[in-house]
Amino acid sequence: MCGIVAYIGGKAAQSYLLEGLKRLEYRGYDSAGLAVLEGGKLNVVKAVGRVANLEDKIEDMGGFRGTIGIAHTRWATHGGVTEFNAHPHTDDRNGIAIIHNGIIENYAALKTYLEEKGHKFQSQTDTEVLAMLIGELYAPQEGVDLEAAVQAALREVTGAYAIAVICEKEPDVLVVARKGSPLMVGVGAGEYVVASDASAIVSHTTQAFVLDDYNVVKITRTGFRTSTIHNVPVTSKIMQLELELQEIELGGFSHFMQKEIFEQPKALSNCIRGRLNMDEGRIHLGGVGNFSKELSKIKNIVLTAQGTALHAAMIGEYLFEDLAKVSSVAEYASEFRYRNPIVEENTLVIAVSQSGETADTLAALQEAKERGALALGVVNVVGSSIARETDAGVYLRVGPEIGVASTKAFTGQVAVLSMLAMYMGRKRFMSADQCRDLMKDMERVPGLIERICEQDARIKKITEKYTHRENWLFLGRGYNYPTALEGALKLKEISYIHAEGMPAAEMKHGPIALINDGMPAVFIANRGRQYEKVMSNIQEVRSRGGHVIAVATEGDKEITKYAEDVMYIPDIPECLSPMLAVVPLQLMAYHAAVLRGHDVDKPRNLAKSVTVE
Ligand code: F6R
């Protein structure tokens, strides 16, 4: 969603800010803006659309040389996509500028209060309210400097924020703060780069610290001081960023999504490395080791997530019941958090999230914890809010995912959930030999995905035949019912083709009415317990004129009699097959979007990390 970059140091801030904004483009946004202090004066520039538009505007103005500044990409929540609503926002008295991620929930009450005090608002945003509030409280003559004014303002707000603030009257001070929305400070030589995401920092420094909730950091060119909003000093621990620059660059691929699909063999190798203990026939998961006893007593599992991560969680539901014999349910976090969920004794809640910042998933996790559940995270981004909120967890280790459409995180999530299910299975009914057999298959997965990726040109050709169709169906059963949902989601989010995924058996209960001549119906029809049943469903579609595209097991000749097109995956135990079956669907969605002329990495209206509910 929105992205934050801020700079203070000895060099011109502008290039740091623009480069940072470009690195954050992948998160999704609809407008951008920047403020640089130069000669004691605030220069604010905003543009609707791409960062390139902002860059052009700044160039036309002759550029800025100031060495302190803030910049932002906005994904509209309060107010439409206009320059007025874009950040930075300023107060009307002191030359204070602010950028903000998150939502100020009590902004309406604060706005009324500030209007009564005579402040005039220009935008419809909650952020401008915060700018005015800081301005209202700013009183340097009375000892309330920028840092103190920010602390005081944040004591008045409810909601979520990551902010960066500068002020004409304090040209050597940058104040940043966080609650609920991610923010980190990169510590360079005589300079600091603040960002909502490490990708905007790593090209300058690999030393950084993450703000905790309610932290306020005052940064000057010579140092920084962290405190709480109540001005209690806090020690920020500087860490080494693991992110490599090459991981966030295209490296010869046309799009990040394409790169990440092809990266899956390597990503999954990293994900499983060191976690499969063949000698002992058991799974080693360092992140949950301290909770081994509690995990053996678990009676119910609630997996909670949104979007693609929910599809992985749904596969988890099958895995935990099959391999660990624990009753499991996967739920939309957005629904779970607002129900009145019954969390019985010995319940485990597993929050699945690539970013670790999804607002609904975080809130569902907190709700479950409050009701006594043990909380585990299956998260990619190290140190993210969900990772920090859980009692224990397993990181995906698939590397940064830049493509808005999640691909390698999905296979990573399924891999981790498979290992977790085996880990818990071994504590119950699974023998060392059973576990060993499954681990051997698990080890094959990266190489098998590589083999599927070799079919890329064929998959593109198949896709070409159907890209003009506006309605597609994705159907699967058992473990590959969630895979069908994921195939449909991938297609719709980047190609804007309407696609529905469902259990193949459900089709007869209504959706079959949609099938008309030539309608593409993608079936996940690999060999498994329900193969024959899927074949019957295929016949039902064919006899109504639908065109069947099947994902089938290598060597299956029978399927060619019923499907117009077949994409093959290698044979593997059914419980691991979603990690293979999803790959042709990812490639199909990718090609469909490119063939239809869409910007795959910047799909309309989408944000990479959804930090508002
Ligand atoms: C789809 C996609 C989204 C995310 C969802 C949850 O390709 O990426 O559906 O899966 O927004 O995000 P995380 O996993 O970051 O919690």
Side-chain angles (χ1 to χ4, degrees), residues 1-2 4 6 31 33 35 37 42 44 46 70 72 74-170 173-181 183 196 211-218 227-232 359 363 611-613:
M1 287 200 124
C2 308
I4 282 183
S31 48
L37 274 175
L42 203 55
V44 180
K46 304 181 189 187
I70 56 179
H72 190 261
R74 172 175 187 255
W75 192 86
T77 55
H78 287 65
V81 181
T82 64
E83 277 188 22
F84 271 135
N85 288 338
H87 302 204
H89 287 283
T90 51
D91 83 322
D92 51 356
R93 292 178 191 166
N94 302 294
I96 289 172
I98 179 172
I99 49 176
H100 165 224
N101 286 358
I103 289 187
I104 305 300
E105 283 164 9
N106 58 339
Y107 86 103
L110 290 171
K111 193 169 182 175
T112 310
Y113 162 78
L114 289 161
E115 278 171 342
E116 280 165 7
K117 293 256 175 197
H119 293 276
K120 299 263 174 300
F121 288 84
Q122 295 191 328
S123 79
Q124 302 147 306
T125 66
D126 52 339
T127 304
E128 192 183 15
V129 173
L130 193 50
M132 296 287 189
L133 183 61
I134 295 169
E136 171 66 26
L137 298 166
Y138 185 65
Q141 318 81 336
E142 291 153 39
V144 185
D145 61 6
L146 188 62
E147 180 194 29
V150 169
Q151 288 169 333
L154 295 179
R155 288 197 293 269
E156 301 303 321
V157 306
T158 53
Y161 53 78
I163 57 169
V165 193
I166 52 176
C167 174
E168 281 182 355
K169 294 178 183 161
E170 296 184 38
V173 174
L174 167 66
V175 178
V176 302
R178 167 221 167 127
K179 190 213 150 199
S181 292
L183 197 64
S196 47
L211 273 73
D212 282 322
D213 279 351
Y214 302 110
N215 278 181
V216 177
V217 189
K218 174 182 179 177
S227 58
T228 66
I229 57 171
H230 297 286
N231 200 27
V232 178
T611 48
V612 292
E613 60 175 292

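Starting from 1, each residue takes its place in the sequence as its number.
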What's the separation between atom [atom1] in [X] and atom [atom2] in [Y], rounded to the nearest 0.5 Å?
X	Y	atom1	atom2	value
Cys167	Leu174	SG	CG	12.0 Å
Glu168	Leu37	CD	CG	6.5 Å
Ile104	Lys111	CD1	NZ	13.5 Å
Ile163	Ile98	CD1	CD1	4.0 Å
Ile134	Leu146	CD1	CG	7.0 Å
Ile96	Thr90	CD1	OG1	9.5 Å

Should Arg178 and Asp213 count as an ion pair when the cut-off is N to O under 4.0 Å?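 Salt bridge between Arg178 and Asp213, a charged N being under 4.0 Å from a carboxylate O: yes.
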Non-hydrogen side-chain atoms of [X] and [Y] separated by less than 4.5 Å:
X	Y	answer
Leu133	Leu114	yes
Val176	Val165	no
Leu154	Tyr161	yes

With sequence neighbours left out, what residues match Ala86 under side-chain contact (heavy atoms from CB on, under 4.5 Å)?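 Testing Ala86 for side-chain contact (heavy atoms from CB on, under 4.5 Å), a comparison that skips the adjacent residues, returns Ser31, Lys46.
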Residue list, side-chain contact (heavy atoms from CB on, under 4.5 Å) with Ala108, at least two apart or on another chain: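 Ala108 satisfies side-chain contact (heavy atoms from CB on, under 4.5 Å) with no residue once adjacent residues are dropped.
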Under the salt bridge (charged side-chain N to carboxylate O under 4.0 Å, His left out) test, residues paired with Glu83 that sit two or more places apart: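 Partners of Glu83 by the salt bridge (charged side-chain N to carboxylate O under 4.0 Å, His left out) criterion, ordered by chain and then number, come out as Lys57.
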Salt bridge (charged side-chain N to carboxylate O under 4.0 Å, His left out) with Lys179: which residues, sequence neighbours excluded?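 Partners of Lys179 by the salt bridge (charged side-chain N to carboxylate O under 4.0 Å, His left out) criterion come out as none, since no residue qualifies.
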Could you tell me which residues satisfy side-chain hydrogen bond (donor to acceptor under 3.5 Å, both in side chains) with [X], sequence neighbours excluded, listed by chain and number?
X	result
Glu115	none
Gln151	Ser227, Asn231
Ser181	none
Thr112	none

Show every salt bridge (charged side-chain N to carboxylate O under 4.0 Å, His left out) that has at least one partner inside residues 85-104, sequence neighbours left out.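 Sorted pair list: Arg93-Glu136.
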If a pair satisfies salt bridge (charged side-chain N to carboxylate O under 4.0 Å, His left out) and one of its residues is in residues 143-165, list it, with sequence neighbours excluded.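 Counting only pairs at least two positions apart or across chains, the salt bridge (charged side-chain N to carboxylate O under 4.0 Å, His left out) contacts touching residues 143-165 are Asp145-Lys218, Glu147-Arg225.
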Work out which heavy atom in [X] is nearest to a heavy atom in [Y]; give both atom names and the distance.
X	Y	result
Ala6	Ile70	CB-CG2, 3.8 Å
Gly95	Leu42	O-CD2, 3.5 Å
Ala148	Gly143	CB-O, 4.4 Å
Asn85	Ser123	OD1-CB, 3.3 Å
Leu183	Ala177	CD2-O, 3.5 Å
Ala153	Leu130	CB-CD1, 4.4 Å

Strictly by ring pair (Phe, Tyr, Trp, His ring centres under 6.0 Å), give each pair with a member in residues 124-144 just once, sequence neighbours left out.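 Qualifying pairs, neighbours excluded: none.
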Which residue pairs pass the ring pair (Phe, Tyr, Trp, His ring centres under 6.0 Å) test when at least one of the two sits in residues 94-130, sequence neighbours left out?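 Listed once each, the pairs are His78-Tyr107.
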Asn215 side chain to Asp212 backbone, donor-acceptor under 3.5 Å: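 Such a contact is found between Asn215 side chain and Asp212 backbone.
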Determine, step by step, whether Thr125 and Thr127 satisfy the side-chain hydrogen bond (donor to acceptor under 3.5 Å, both in side chains) criterion, reporting the C-alpha distance in whole Å, the side-chain angles of both residues, the deciding distance to 0.1 Å, and the verdict. CA-CA 5 Å; Thr125 66; Thr127 304; 4.7 Å; no
Show your reasoning for whether side-chain contact (heavy atoms from CB on, under 4.5 Å) applies to Val216 and Thr228. CA-CA 6 Å; Val216 177; Thr228 66; over 6 Å; no
